[in-house]
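These numbers come from a predicted model, not from an experiment. One-based numbering, in listed order, for ligands and for the atoms of each. Along the sequence shown, residues carry numbers from 1.
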Amino acid sequence: MDLQCFLCCRAALLLLLMPCGLYCMSVHILNEGPMYVIPGSSLVLEARIELGPLERISLVTWEREPESGVGSGKEILATCPGSGSKCAGKRPNVHGNMQHQKTTLQINGYSSTDSGVYAVMVTDQRGVNTTAHCIVRMYEAVHHVSVSINVSHSSLICGEAWGTDPHFSWLYERVAISQAVGTVSKDGTTLFVTRKPFCGHFTCVVSNKLGYSSASFSAAPCETEGRGTTAAVVCLVLLLLLVGGVLAFLLWRRHRQNRRGQWLHEHLDEAI
Ligand SMILES: *[C@@H]1O[C@H](CO)[C@@H](O)[C@H](O)[C@H]1NC(C)=O
C-alpha cells in the first residue's frame, strides 16, 4: 500500500464517518405543531438549520399557505439573506431574524387570517432548497356545551363543539362531585352516576384559556329529601294545633271556674 492510497482511504473513511456527506442541509421547526395561538397575542416560530461542511446559507424564506387548500395560496412573510442579518418582513407586524443557524419568525397581534401551514425554506449557495412545515391554528373559545344521558349505564356524557384544549369538570347541586355521587372518566367527559336514586341537578363545566361554558342535566327531583321536609312541616303544624288547643281549653276552664265562683258568692250572700 503506497502513501497516496493510504491518504485516499483515510479521506474516504473520514467522509464515511461524517454524519452526512458534504451536502446534507436540513431544517426543522422547533415548535411542535399544530400550534394554537390566542387572537391578539404573538406567534413565535423558531427553526434550526444543519449544514454540511461545504454548504452556506444564501437565503431563508418564511411563508404560509392555507391549511385546507382554499384561499389565496402561498404568501411570503419574510426573507433573510444569509446568516447574522435582519430579515425583511412583508408586513409591519411580521419580524424575522437569522442568527448563526437559527431563524425565528414573529407575528404580533395574531388574527384568524394568520392561521395556516407555515414553511421555512432554506436555500444554499448552489440554489438547493430544503423546507420544514408547521401547522398554526387559532385558539378557539369553548362552544356549545351539552349533556346527554346514557340510561342503560347510568352515565352522563358531556359534549363540546370546537373549543381548543377543553377541560371537563362536573358539579352535583352546584358542588364538586364526591365519591357518593359518582366517578368521572379519565378524559372528564363522562360521569358514571353511582348515587341511588338517580336524581337532582348535574352540571358539566368546560373550560380553556379563554373562559368556560356549562350545561346542566336535571333528573327527577330527589324524593327522599322532599318527603322529609313535608313530614317535618306537617308535624310542626300538628304540634302547633295541639299546643293551641290545650291553651284554649285551659283558658276556657279558668273562665268557667271564675264564673262559678262568682255565682256561688252571690247566692251565698243572698242566703245570708
Ligand atoms: C351507553 O354506554 C355504553 C358503555 O359506554 C355503550 O356501550 C352504549 O352504546 C351507550 N348507549 C347509548 C344509547 O349511547
What's the spacing between I29 CD1 and E46 CD if we round to 0.5 Å?
-> 10.5 Å

Which pairs with one or both residues in residues 170-205 pass disulfide bond (SG atoms under 2.5 Å apart), sequence neighbours excluded?
-> C158-C204, C199-C222

Mind jotting down which residue pairs meet the salt bridge (charged side-chain N to carboxylate O under 4.0 Å, His left out) criterion with at least one end in residues 127-140? Sequence neighbours excluded, please.
-> E67-R137

Here the gap from L45 atom CG to L105 atom CG, rounded to the nearest 0.5 Å, amounts to 5.5 Å

Applied to residues 104-148, the disulfide bond (SG atoms under 2.5 Å apart) test, sequence neighbours excluded, yields none

Side chains of S216 and T203: is there a donor and an acceptor less than 3.5 Å apart?
-> yes

When you look for protein heavy atoms under 4.0 Å from ligand 1, which residues do they belong to?
-> N150, H153

